[in-house]
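Okay, structure first, notes after.
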Amino acid sequence: MQKSKTRSIINYLNTTVLAVIMLFVIVALITTSYFSFKFSSTNLTNLFKSVNSTEFYVDMMHSENHLFPKSEGRDSSLSNIFLHLTTNIRFDDIRTLLGRELPALTYFHTEIAVAEEGTTLANLPFESIPSQDMLENPLKVDEEKAKQEENSQTQPPPSEEHKNPVTEPNNKTVFIYNSHNLEAYRPLLENTTNNENVVSSDERANVVGVSSKLTNLLQQEGLGVEFSKANINQILLDKKWNYYSAYKASKEVVEAAVSKNNSLKYLIDIHRDAAGKQITTASINGKNYAKLYLVVGKGNTNYEKNLAFSIRLHDELKKNYPGISRGVFLKGYDEGDGVYNQNFSDRAILLEVGGVDNTNDEITRSIEAFAEIFSKLYWEENNATQQ
């Protein structure tokens, strides 16, 4: 009688534990897969991209008949795949275990679409957020440093000796802007000793000046360029929006531009990375260049085409200027904005130019290299038809 009662209690406990486990599985299925999952080709590709179909098939055959050799790849068992589908956890990737428990770890969820030598999870691109005080009181240019730089450039660089005249084609197809328009470079600024994330409204030291250079260079190649100097930071301050709303503010700028001119197909948002000089500088033929990289947002319908275009840019940069590109990176909603206004076109890119410590000469060389490669691809896509 006592044994029967003990067995009943054990059975009850087992049933309860199994029921709780099944409840968690069902909830996971409902919230993360069937009802919330959109069965688009992109989502399915992203979901199963980690599964090697050949290895999976070989492992399935091995499980049924052990005479078949087991694959040499990582374990592709159904249980692991089911766990990943229902909980988004993979035992071979610690980021999936701790990403939501340690918010800072979400920065390392950025996906590397194309990596160059030296690019690892330890030095992934990330956005550093300036303090509200810095946004309200951006740093000023040190006039003495600026004068010294100006005096050191008594001779024009070789690339400027035979410039084409700047043209203004009627048909403008390229739109350049800056979602983080105060992102700046340290060398020309004052009071930067204790400021890791420098911002400035002076175009001589920030990304707006870089965009201005790119605009002129592309115009020299015959491209029709519309350059917006919209002060996104001031929009944020006026509307009392936080820094994370920068893309919400720049979206209004981009939307207005493409609504007014539907020929604007190539959208370029220029930024500056927060990393130090060791990571963001390349030596090419004895000269230093500010490294470039491209970011593609996965949260829009143009994701695949934008990615393909960014990879083409990277490949050409790598071919002509080995080491200048850090690669192409993918970001979803967990790692940033997720869209980056790339929903307006399938030729929309986010370009990061150098880091906080790169000099004006390094930045100029890199933006000239990018303009050369971008113009080449542009005319290839547009059948080399001058506007």
Side-chain angles (χ1 to χ4, degrees), residues 107-108 110 115-131 133-135 137-153 157 159 178-214 233 243 246 269-295 317 321-327 329 350-371:
Y107 288 114
F108 296 94
T110 298
E116 276 308 296
E117 184 178 354
T119 299
T120 66
L121 290 177
N123 59 20
L124 285 175
F126 69 95
E127 289 185 21
S128 55
I129 311 301
S131 67
D133 180 64
M134 289 191 70
L135 294 175
N137 303 284
L139 299 175
K140 296 181 180 180
V141 163
D142 186 320
E143 294 300 335
E144 185 175 345
K145 292 179 182 178
K147 188 174 181 179
Q148 289 175 354
E149 181 178 88
E150 184 179 348
N151 291 337
S152 68
Q153 296 178 344
S159 59
N178 304 98
S179 291
H180 294 157
N181 63 296
L182 294 192
E183 286 182 334
Y185 302 89
R186 198 190 309 270
L188 283 184
L189 297 174
E190 60 183 19
N191 301 324
T192 62
T193 304
N194 298 318
N195 293 320
E196 294 183 0
N197 187 14
V198 293
V199 294
S200 175
S201 58
D202 196 313
E203 293 181 21
R204 292 174 293 176
N206 68 18
V207 291
V208 178
V210 178
S211 295
S212 181
K213 291 177 184 177
L214 180 60
N233 183 66
Y243 194 72
D269 187 6
I270 294 182
H271 293 251
R272 179 268 298 144
D273 192 48
K277 193 164 186 174
Q278 185 176 1
I279 296 174
T280 64
T281 309
S283 179
I284 305 172
N285 297 326
K287 294 183 179 180
N288 283 345
Y289 287 70
K291 285 190 176 184
L292 310 173
Y293 68 84
L294 296 141
V295 175
L317 284 165
Y321 298 91
I324 195 173
S325 175
R326 292 174 63 188
F329 301 87
L350 190 156
L351 175 67
E352 297 270 359
V353 181
V356 290
D357 295 317
N358 284 111
T359 66
N360 189 51
D361 284 344
E362 293 164 350
I363 295 162
T364 298
R365 292 188 191 107
S366 295
I367 210 65
E368 287 176 346
F370 178 81

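Nearest approach of Tyr243 to His180, heavy atoms of both residues: OH-CG, 3.2 Å. Contact between Val141 and Ala146 at its shortest, heavy atoms only, is CG1-CB, 3.9 Å. Nearest approach of Val353 to Ile367, heavy atoms of both residues: CG2-CD1, 4.1 Å.
A heavy-atom distance below 4.5 Å is found between the side chains of Ser366 and Ile324. Annotation: side chain of Arg272 is not in contact with side chain of Asn358 (no heavy-atom distance under 4.5 Å). Side-chain contact between Thr280 and Asp357: absent, with no pair of heavy atoms (C-beta onward) separated by less than 4.5 Å. The shortest distance between side-chain heavy atoms of Asp361 and Asn288 does not fall below 4.5 Å. Proximity of Glu116 to Arg326: side-chain heavy atoms (C-beta onward) are nowhere separated by under 4.5 Å. Residues Phe370 and Leu214 have side chains in contact (heavy-atom distance under 4.5 Å, counting atoms from C-beta outward).
Interatomic distance, Leu182 CG to Asp202 CG, rounded to the nearest 0.5 Å: 11.0 Å. Here the straight-line distance linking atom OG of Ser200 with atom CD of Glu190 works out to 9.0 Å at 0.5 Å rounding. Atoms CD and CD1, on Glu368 and Ile363 in that order, are 12.0 Å from each other to the nearest 0.5 Å. Taken from CG in Leu188 to NZ in Lys145, the straight-line distance is 7.5 Å, to the nearest 0.5 Å.
Electrostatic pairing of Lys277 and Glu362 counts as a salt bridge here, judged by a charged N lying under 4.0 Å from a carboxylate O. In this structure, Lys291 does not pair ionically with Asp273, as no charged nitrogen and carboxylate oxygen lie closer than 4.0 Å. Taking the charged nitrogens against the carboxylate oxygens, Lys213 and Glu203 have no contact shorter than 4.0 Å, which rules out a salt bridge.
Donor-acceptor pairing under 3.5 Å is lacking for the side chains of Asn206 and Ser201.
Between Tyr293 and Phe329, the ring-plane angle classifies as perpendicular under the 30° and 60° cut-offs.
Between the side chain of Glu183 and the main chain of Val207, no donor-acceptor pair closer than 3.5 Å is present. Although no hydrogens or angles enter the test, the distance criterion places no donor-acceptor pair under 3.5 Å between the side chain of Asn151 and the main chain of Gln148. Not one N or O on the side chain of Arg204 forms a donor-acceptor pair closer than 3.5 Å with the backbone of Gly209. In this structure, Asp269 contributes its side chain and Ser179 its backbone to a donor-acceptor pair below 3.5 Å.
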Assess the residue pair Asp142 and Leu189 against the criterion (side-chain contact (heavy atoms from CB on, under 4.5 Å)); give the C-alpha distance rounded to whole Å, side-chain angles, the decisive distance to 0.1 Å, and a yes or no. CA-CA 5 Å; Asp142 186 320; Leu189 297 174; over 6 Å; no
Please report the C-alpha distance between Leu292 and Tyr321 in whole Å, then the side-chain angles of each, then the deciding distance to 0.1 Å, and finally whether the side-chain contact (heavy atoms from CB on, under 4.5 Å) criterion is met. CA-CA 11 Å; Leu292 310 173; Tyr321 298 91; over 6 Å; no
